[in-house]
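What follows is one structure encoded as structure tokens, with my remarks underneath.
Chain letters run A, B, ... following the sequence lines, proteins first and then strands; every chain starts at 1.
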Protein chains: 2
Amino acid sequence: MTPRQNRPTINQVAAAAGVTKSSVSRAFTRPEMLSPETVRKISAAAERLGYVPNHSARALSTGRHGNIALIVPDVANPFFPPLISAAQSEADRFDYCVFLGNSNEDPGQEDKLIGRFAGQVEGFVLVSSRLSDDQIVEHAARRPVVLINRDVKGIPRILIDSAAGVAEAVSHLATLGHRKLVYVGGPHGSWSNKQRRIAVRRAAKDHGLEVAVISNEFAAFESGRKITAAALATGATAAIAFDDLTAQGMLAELADMGVAVPADFAVVGCDDVLGAATYPPLTTVSNRSVEAGKAALNLLMEILQNNAIRDVRYVLDTNLVIRKTTGQVKAGKRSEAALGSDANRARN
Amino acid sequence: MTPRQNRPTINQVAAAAGVTKSSVSRAFTRPEMLSPETVRKISAAAERLGYVPNHSARALSTGRHGNIALIVPDVANPFFPPLISAAQSEADRFDYCVFLGNSNEDPGQEDKLIGRFAGQVEGFVLVSSRLSDDQIVEHAARRPVVLINRDVKGIPRILIDSAAGVAEAVSHLATLGHRKLVYVGGPHGSWSNKQRRIAVRRAAKDHGLEVAVISNEFAAFESGRKITAAALATGATAAIAFDDLTAQGMLAELADMGVAVPADFAVVGCDDVLGAATYPPLTTVSNRSVEAGKAALNLLMEILQNNAIRDVRYVLDTNLVIRKTTGQVKAGKRSEAALGSDANRARN
DNA sequence: CTGTTAGCGCCTTCAC
DNA sequence: GTGAAGGCGCTAACAG
């Protein structure tokens, strides 16, 4: 058994309909140029033969492929799938197909993927790109590029401004009586991570809070667990994590350690990818990834239509979603924290 | 500012290298046919001009695109991303690009996507396809198709056999003293759902357990919450859920209801997509989605290479992963269950 | 080993 | 409103 490949061509349809291939072509691209009668005849013949225009031939002739590529650092990170899904749906509305690339957090891989896709797409959406600014600018010079969560001047970009939500989180923690907090960071190449770290520092300063920063290159549940001891060791009474996964890992580890949340230690996540599905339900910064995906695609479509890029910088705001992992600091905690770490004690 | 599109063609490279385009073409496809000297000359010229072969032209000429399409019912369901990622990585090894399609659980949409992709891919991987057998057979007649978690005779398929793991779960629950359990189902079109339901029934019979079945069309956290009351109302002391998301929702709802897990009610998930990230850590059936994605892609590649499909039916086995949501039935529970539902009492 | 010659299937001027 | 002809960029016989 061998897979068939022989699809009918424009010529066969033409013959069947008793016209030339020009007319068949027109019937599929600019029917208004033909008499309704002819169009009907051709459509019928095409239908009967199961004719579908050959994509490559059309692309070769027009230079347009009707494809775009979407590249993300890690498909399996729950932050991305909803974004991917949203982008996909939008692309669909415009009759575009989308290539998905998974860079696996590796700039080299990302670059390679872009190269592989370049020949058959109209443009790119790069999500949380790990490429250097220069590389991005270079690629953008060849094909339209829209960035999500990456701020490169001159390149159209959608930014989810977690700063606002993070600042709100800090303020919220201050109100609850926390005096020292720790920011548990994410990937180095991540624009969001940098933005969040800065936002925490700034807001903490505004509220007169102390802040420690520790780093956690690969953001995920397990690494969240692992970094928890270090977070406690800073003497902070609350943590703001780079993302929900990290926060969730911390929650699990804290539970194992017998540290009560939020009574003994507060945890705030970021991106709200878990919803209320953690235990306790996680206080976190809202998620705008669906809107971001949608906006990026619309922006790209607009660029492709007008064949001209504008230096758009579209910012999506966020806010704090308060659930159950933040609360009033316990009576003794405030001074205890001031004395330094009690992490080792908590451990036992 | 207008995006540039003028990429150098094979002719320009030929001119620059002082050869004909045939040689340039060969330098890129079968360099062993040329003298090393010529290849070097051509490579240099190509490099200098930044030449990259035009994908569409090549596809038009060869009939090969170097693309495959992967279609899933719901990108955002955590079961799929790891599979997608694995497939993507494998495709990469073979220098294939992958289109991602999101059918959104809708057969119509799935069909439409397949049509859209058909012209520019060598083959398809359909994951948990919602199409009818006939539709699948029809598509497979045009382009190679590999199925994951869908069992259609004659179509190469990878099946994750959750039956074994589910049976193990039932046996585990029987050992713990449960006498009645409830299967909380998933999407109607899902092969996995059917398989699991049957496995539960069969294993329950083997162990002399009573089993109720309730349905939950859209498997997710929220719907898991909603169905919990009904699950309790069956009088069962343990639930096996279609997937981890549903189980997680049930866990949250049970916590809110004040029903202790596993003391008052046991919960088993399926697919192990959450790892130990629930609270309590979820007992569940192991996940083979990464292997499935990898296997499907390798199978497709093999088919494309040999240009002949074999009727492969590759089954991936599963087992029970015991964590903390299953435990010994409480002393009084067994007889209580026998008397009927106490769900309404638990609710208050 | 390398050049010559036809297309691949479609779109698009240019005529009629 | 429709046909004829050329070309998009590349590959694949066929010669030499």
| query | Are there more than 12 heavy atoms of other residues, nucleotides or ligands under 6.0 Å from atom CZ of A:Arg64? | reply |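 No, the 6.0 Å shell around CZ holds no more than 12 heavy atoms from other groups.
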
| Strand contacts (DNA chain D) in residues 16-27 of chain B, 4.0 angstrom heavy-atom criterion |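 Contacts with DNA chain D under 4.0 Å: B:Lys21, B:Ser22, B:Ser25, B:Arg26.
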
| Of all residues at least two apart in sequence or in a different chain, which pass the salt bridge (Lys or Arg N to Asp or Glu O under 4.0 Å) check with A:Arg58? |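 A:Arg58: no salt bridge (Lys or Arg N to Asp or Glu O under 4.0 Å) contacts found.
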
| Partner residues of A:Lys194 under the salt bridge (Lys or Arg N to Asp or Glu O under 4.0 Å) criterion, sequence neighbours left out |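 None.
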
| message | Please classify the nucleic acid contact of B:Tyr51 as base, sugar-phosphate, or nothing, using heavy-atom distances under 4.0 Å. | response |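 B:Tyr51: backbone/sugar contact only, no base atoms under 4.0 Å.
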
| Sugar-phosphate only, base, or nothing, as touched by A:Thr29 at under 4.0 Å among non-hydrogen atoms |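 Sugar-phosphate contact only.
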
| said: Per the ring-ring contact (aromatic ring centres under 6.0 Å, His included) rule, what does the pair list look like for residues 8-35 of chain B, sequence neighbours excluded? | reply: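 Qualifying pairs, neighbours excluded: B:Phe28-B:Tyr51.
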
| field | Close approaches to DNA chain C from residues 32-40 of chain B, in residue order (heavy atom, under 4.0 Å) | value |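 Nucleic-acid contacts, sorted: B:Met33, B:Leu34, B:Ser35, B:Thr38.
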
| request: Could you tell me whether B:Arg93 and B:Glu90 have a side-chain N and a carboxylate O separated by less than 4.0 Å? | output: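 Salt bridge: yes.
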
| SB check A:Lys153 A:Asp133 (cutoff 4.0 Å) |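 Looking at A:Asp133 together with A:Lys153, the answer is no, because their closest N to O distance does not fall below 4.0 Å.
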
| said: Holding to side chain to side chain donor-acceptor pair (under 3.5 Å), I want the full list of residues that pass it with A:Asn306, two or more places apart in sequence or in another chain. | reply: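 Checked A:Asn306 against side chain to side chain donor-acceptor pair (under 3.5 Å); zero matches.
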
| Candidates C:dT12, C:dC10, D:dC10 - which lies nearest the side chain of A:Arg30 |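 Nearest nucleotide to the side chain: C:dT12.
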
| message | Please report the distance, rounded to the nearest Å, between CZ in B:Arg64 and C1' in D:dT11. | response |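 Spelled out: CZ on B:Arg64 to C1' on D:dT11 is 10 Å.
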
| field | Residue pair B:Ile309 / B:Ile303: nearest heavy atoms and the distance that separates them | value |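 Result for this residue pair: CG2-CG2, 3.6 Å.
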
